[in-house]
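Here's the structure, in structure tokens; my notes come after.
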Amino acid sequence: MDRQEMKTFIAKRVAKELTNGDVVNLGIGLPTLVANYIPDAMTIYLQSENGLIGLGPKPESTNSDPDISNAGGEPVTLKPGGMYFDSALSFGIIRGGHVDVTVLGSLQVDETGSLANWIIPGKMVPGMGGAMDLVTGAKKVIIAMTHTNKGKPKILKKCTLPLTAKYQVDMVITEMGVMTVDNTGIHLVEYNPEFSLEQIQAATDATLLINNPKKMVVN
Amino acid sequence: MDRQEMKTFIAKRVAKELTNGDVVNLGIGLPTLVANYIPDAMTIYLQSENGLIGLGPKPESTNSDPDISNAGGEPVTLKPGGMYFDSALSFGIIRGGHVDVTVLGSLQVDETGSLANWIIPGKMVPGMGGAMDLVTGAKKVIIAMTHTNKGKPKILKKCTLPLTAKYQVDMVITEMGVMTVDNTGIHLVEYNPEFSLEQIQAATDATLLINNPKKMVVN
Amino acid sequence: MHKLLDISSIKEHLFDGMTIMVGGFMCVGTPEVLIEAIMQSNVQDLTIICNDAGFENRGVGKLIKNNQVSHLIASHIGLNPYAGKQMSAEHMTVTLVPQGTLAEQIRAQGHGLGGILTPTGVGTIVEENKEVLKVNNKRYLLETALHADLAIIEAYQTDQYGNVIYTKTTRNFNPIMAMAADKTIAFSREMVDTLDPECIITPHIFIDYVVKAGL
Amino acid sequence: MHKLLDISSIKEHLFDGMTIMVGGFMCVGTPEVLIEAIMQSNVQDLTIICNDAGFENRGVGKLIKNNQVSHLIASHIGLNPYAGKQMSAEHMTVTLVPQGTLAEQIRAQGHGLGGILTPTGVGTIVEENKEVLKVNNKRYLLETALHADLAIIEAYQTDQYGNVIYTKTTRNFNPIMAMAADKTIAFSREMVDTLDPECIITPHIFIDYVVKAGL
């Protein structure tokens, strides 16, 4: 798989985690792609922290309205039944536990479910934006990311970068597999048969708990 | 003056404290009467804590809408430019210092500016409603009440009933005079010439600071 | 509309000892039809969170009169003398809360906040047993979030998704309660196809069930 | 309309060292015209409170580029590399705040709250130098209210009283900032006679001045 194929593969697998009626917040980048793979028969309400529920597809470029954007600043549309609100209500929805699933990328995740995705001290200081609120407030936190960064593991025993939040990650989905996190550790519950279990563990710093994993299937 | 004349006299005098453009909250009872004496040329925005700004006069009885009431549960109307909001924003306006003047009745006021108007233990327990927020948040707190209760002083050295708030009263207006409160004590700044200064002090438990008071005039 | 609930099914959402938030301000904006249904269920030992005690035969006053309420959290009870009697006779506990504090405690729950710092009540008996914190040399009371198992609210119009608008001063506590309970049932006076996305007050994600007027 | 302000008069409301809240989210809902006027005034040593640092040549990014900002309080600065450089070179202090916390801190000020308890940031460097309080055995950070001398916001429509509505996702931080500053200046795209009293987002009492588009 090349990088683009990996992203598509991951996004497709994330989409399978969604349930009809879910309120979902998709982070910038790879997570945004998940919207493309939601089955037509399923109703998902996409929330965007800049102030809307009912995020629709990107507008035709000839028809773009600068007054309506997603949290990445990209032009979007509003689906029927959607609505606008201010930042206080938007984060009330997020912090109050009214978002069923949030999907974010990350620089690091660890086997305690902590994650780090907002700063590399001395190098990159973009800020946390809404990420800290999202992972703290959402009912289910899914990290969607490539398994490694230039061959270096991103799934660690313990995050080394400043944390976004402690103990909040429920699931990690990469091109190599699907992992769940609970207080016993990180479990490889599905694996991509393109890789052996040994290869996956070798690409992972954390100790993967493996007990009859299924094959990871996307369409 | 009979009781009704007293109330009218007090309400008229309170009205003179208002300034063009003020946001004003009038409590239930006597304070509500103040609205009748706002000069036509003056624009006052009446706020009602149940959720509106722009309280208008009572509707004609044939035209009463049960969906719009004031904080006393009485039918009212909305003036042009008025708007509705929820209780959180309503008390945001109040607590946040965006109400210029609040006018309330009271059971007791003391010379430190503390007041008690929400409970008589063992006898009357109506609750504080919005009064604690109003006197804590409003820029200017005016107590409008009769000077005594069955001949007993209501303006005390120290309140004996459970307080509504400490040190919040700016002005007390009764049928006997106008008093201001600051950290030196309570000052009789205007007196009703129907009473002598001795009579007013005799009806008052607090020590009135008196320095060239004016005559209290209402039209 | 998939959230429609038959009034007779409300009892499935009720249980003894539960906490219910009831919208309305002196019964303006209180869903009387849902109150009636709770009366008929005869569920017991309720904690009711409401701005006030209603009137003796209106609003939450009806539940108090029916002896279903063991604890009332409200800002005043003055218009319901029966509530005062029940309180004095210790048949019902009444917790009196400043109205603005009540609003923020309810909002805090819906917004995922543990509590808020308010200057209201400092130096009064409201302060008793509460943490007092200083910020910039000013004293505030820490008031914690208020949660409910169920909120019952009165909507003016509800669209096919469950988005809600209110009318005039019926709004009051309804929008914040809709966010603060595990489950929210809206009584709606009117059902409409769509609402203006700029004017929706309560997003559909907070409305679990809708009871239509006239059913 | 008595609140109308000529754009050239904005400088009367500016002073060195002041704190300004700027509405908008990645410049959507940011009043660029007012930003330009602040640039022209060349007021110095500003503390800017805004969701983000804008872009290098848009939004508050223009004030940063013009070296007028000594302190930026924002949730991210990633789209403005110049802001990052100014921060690294210690020409500008940047306080990064979780976006939801920033919203609540601003709201708290306007609503007269000393602060709020949020679970966001617990166990991270955001916790540093902050009070941690436990409520029902859950840990929260005490985040205190954020005040400004001036808020500049972008309105969609303003009526003759100064009531404001926004459009689509331009709303974001604008309504809460309008309440949190000593003075609020709204840039308004359109002036109308009246607005629907059910749909007004920012009541006129929070709007001190209105700058009309095209003037």
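Letters go in sequence order (proteins before strands), and every chain restarts at 1.
Of all the heavy atoms in A:D133 and D:G100, the pair that sits closest is OD2-N, 2.8 Å. Considering all non-hydrogen atoms of both residues, A:F85 and D:R171 come closest at CA-NH1, 3.7 Å. The two atoms that bring D:T169 and A:G51 nearest to each other are CG2-O, 4.3 Å, heavy atoms only. Closest of all the heavy-atom pairs between D:R107 and A:A88 is CD-CB, 4.3 Å.
The parts of D:F173 that come within reach of chain A are both its backbone and its side chain, each placing non-hydrogen atoms under 4.5 angstrom from that chain. For a residue to count as touching a neighbouring chain, one of its non-hydrogen atoms must lie under 4.5 Å from one of that chain's; by this rule A:S90 does not touch chain D. If you measure heavy-atom distances from A:T164 to chain D, the contacts under 4.5 Å come from the backbone alone. Of the atoms belonging to D:V97, it is backbone heavy atoms, and not side-chain ones, that fall under 4.5 Å from chain A. With a threshold of 4.5 angstrom between heavy atoms, A:T136 approaches chain D through side-chain atoms but not through N, CA, C or O. For A:I68, the parts lying under 4.5 angstrom from a heavy atom of chain D are both the backbone and the side chain. Using a 4.5 Å cut-off between heavy atoms, D:P175 touches chain A through its side chain atoms alone. With a 4.5 angstrom heavy-atom cutoff, A:A116 does not touch chain D via any of its atoms.
Options D:L96, D:I201, D:L102 differ in how many heavy-atom pairs under 4.5 Å they form with chain A, and the most are formed by D:L96. Counting heavy-atom pairs under 4.5 Å between each of A:V76, A:L163, A:N70, A:D86 and chain D puts A:D86 at the top. Chain D forms more heavy-atom pairs under 4.5 Å with one residue of A:G129, A:G122, A:A165 than with any other, namely A:G129. Ranked by heavy-atom pairs shorter than 4.5 Å toward chain D, the options A:P162, A:G137, A:G92, A:A71 are led by A:A71.
A 6.0 Å sphere centred on NZ of A:K79 holds no more than 12 heavy atoms belonging to other residues, nucleotides or ligands. When the shell of 6.0 Å around CD of D:E90 is examined, it contains 12 or fewer heavy atoms from other residues, nucleotides or ligands. More than 12 heavy-atom neighbours from other residues, nucleotides or ligands sit within 6.0 angstrom of NZ on A:K157. At most 12 heavy atoms of other shown residues, nucleotides or ligands fall within 6.0 angstrom of atom NZ in A:K58. For A:D2, the CG atom is densely surrounded, since the number of other residues' heavy atoms within 6.0 Å is greater than 12.
Atom OG1 of D:T167 sits about 7.0 Å away from atom CG of A:D65, to the nearest 0.5 Å. The distance from the CD1 atom of D:I116 to the CZ atom of A:R95 is 6.0 Å, given to the nearest 0.5 Å.
Checking each of A:M128, A:M132, A:E49 against D:Q99 for a side chain to side chain contact (heavy atoms under 4.5 Å, CB included) leaves exactly one that passes, namely A:E49.
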**Prompt:** Going through the checks in order, is the side-chain contact (heavy atoms from CB on, under 4.5 Å) test met by D:V122 and A:Y167?
**Reply:** CA-CA 11 Å; D:V122 168; A:Y167 317 141; over 6 Å; no
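Counting only N and O atoms by type, the side chains of A:D67 and D:T170 include no donor and acceptor under 3.5 Å apart.
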